[in-house]
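Model, not experiment: these values are computed from the prediction. Just follow the structure's listing: the first ligand is 1, and inside any ligand the first atom is 1.
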Amino acid sequence: MQNIEQFVKRVMTYNVTVALLTGVGCCIGALVVLVKKINSHREMKEKIERARNRRDESLQQAEEVVLQYKQSHPTTDAAFIMSLSLSELTKQLKEGSLSPEDVLYSYIEKTLAVNKKLNCCTEILLESLDQLKTVGSNKEGLLYGVPVSIKENVAVKNHDCSCGVVINLDQPAEKDSVLVQVLKKQGAIPFVKTNLPQALWSFACSNPIYGKTVNPHNPQKTSGGSSGGEGALIGGGGSLLGIGSDLGGSIRIPASFCGICGFKPTSGRLSLQGLHSISRGQNLVLSSPGPMARDVDSLALCMQALLCDHMFSLDPTVPPLPFNMEIYRSAKPLRIGYLENNGYMQPFPSMARGIREIKALLEQAGHTVRLHHTQESEQTLLKGEPLDPIIKEQFFIYFLPKWLKKILSFLLKPVDYIHETIAHWRSYNIDVLLCPVPGPAYNASYCGRIPTLASCTVLYNLLNFPVGVVPVSTVTAEDEEELNHQQMLSKPFKAAMSGGEGLPVAVQCVALPWQDELCLRFMKELEQLVKQKKK
Ligand SMILES: *[C@@H]1O[C@H](CO)[C@@H](O)[C@H](O)[C@H]1NC(C)=O
């Protein structure tokens, strides 16, 4: 009897001890997890703080040196310098009637002012001031003395390429990307890095490190993404040439939203070395760096400058195709196809009007313009195709919007589609294609709710066609009125587009792969026709 009692007691004590120990163990475990979490949270916070400090210090130092420069050079006519187009500016720099110092300090001053309003810069590159001392040796360069802005994910030595993601901070690039090296060789002076959305994959330009960039034409609207810092800075007048990157529309959408020109070359034409994207090795949807600027001539000059022997030797994977000036300057009438929509997105009144007006102008100018039907190729590319079971099995697919699923199904046999599309262009006998681009700029908070936004830009990444954006008009009161009466458009669409009067309206110009010069020539043609019409 006593033995049993003792036994029970022992067992109880044992159980209590185990329970206690387990409890304590759990507590310690939870504590460790908590401490780790707090630590990593603190680490993150510190990383963000350091990055912001770097930005703020560079802004403050830039402000000081600009002030000093202005005091010691009171005759510098910054307003005059700002008013020059890139081709005028390069001419004056080459002739020596303007100095690279005057130009750079004037642009930094303007950039600081624009950044205060739009929050578009992630850092001023103060070493650009040192480059002034050596830039004289690149006097023959096509971009001698031209200040250039650079999107944050394009490597500049000693600066982060975070892509707006905190864990990527504090890993400064060991060397300049090939494009930055070539720009410098051509005499250009990279002077500022610009903001982008977190992980690049968004059409609103905001991240937890550097915050939100707003539209230069209306601060309630987004500047677009992912090259939204470039769009805002150039649109706001703080830069006249920038390097962005396009993965699904990320040069074209901010160009459209901010009222500037942007160009996505055929992927592969420009070096990708030193270009950071969040999904390394992801090249199904071909990404491409490209220029953004106030006018088409600037885009062409930038392409001409980049497509040089220096780039071909730095990156032998790039085909050594120099810029074909003859094609860019050609005046031969074009055979142009046009799309009113891409079958996925209801065109907004201003988008449709933009296309109609341009079509009329092109016809008056002697080009052949015809409606391009998309049913057989481009549209089947996004419609029709049943989803492969392998892809279907991946559970995440169910959460993706319909158009993205269709794109993924397309990815299973892209080559077929590219050839089909090219054959289709041939049967229509067209050189280039005119089509809508998303716009006008959306209210920032609505971007995430409009996934079809990218459907009419991502197509040309998939096909790997060169494509650019040119502003052609602005939203009128009638467009706004029509928008309110549109039955077809969903509520979030309408809300996102509301209050857009006066915002830029743009179009997309497309050419076949490797016909980058032809695409730019078509863009230039549109730009001139619009300019003439305004007169
Ligand atoms: C969107 O922004 C515009 C322009 O500033 C504003 O007038 C409108 O009220 C906003 N719409 C919504 C739904 O927030």
> Protein N/O near ligand 1 N/O, under 3.5 Å, which pairs?
from, atom 1, to, atom 2, distance (Å)
ligand 1, 2 (O), Asn443, OD1, 3.1
ligand 1, 2 (O), Asn443, ND2, 2.5
ligand 1, 5 (O), Asn218, ND2, 3.2
ligand 1, 5 (O), Gln220, OE1, 2.5
ligand 1, 11 (N), Asn443, ND2, 2.8
ligand 1, 11 (N), Ser498, OG, 3.1
ligand 1, 14 (O), Asn443, ND2, 3.3

> Name all residues meeting the side chain to side chain contact (heavy atoms under 4.5 Å, CB included) criterion together with Leu196; count only those two or more places apart in sequence or in a different chain, and write none if there are none.
Lys151, Glu152, Asn153, Leu200, Asn207
> Just to verify, what does Thr111 make a side chain to side chain contact (heavy atoms under 4.5 Å, CB included) with, not counting sequence neighbours?
Cys121, Ile124, Phe191, Val192, Leu233
> Between Arg521 and Glu525, does any side-chain N to carboxylate O distance fall below 4.0 Å?
yes
> Classify the angle between the aromatic ring planes of Tyr105 and Tyr69 as parallel (below 30°), tilted (30 to 60°) or perpendicular (above 60°).
parallel
> Say whether Ser58 and Glu123, considering side chains only, have a donor N or O and an acceptor N or O under 3.5 Å apart.
no
> Listing request: all salt bridge (Lys or Arg N to Asp or Glu O under 4.0 Å) pairs with a residue in residues 478-506, at least two apart in sequence or in separate chains.
Arg353-Asp479
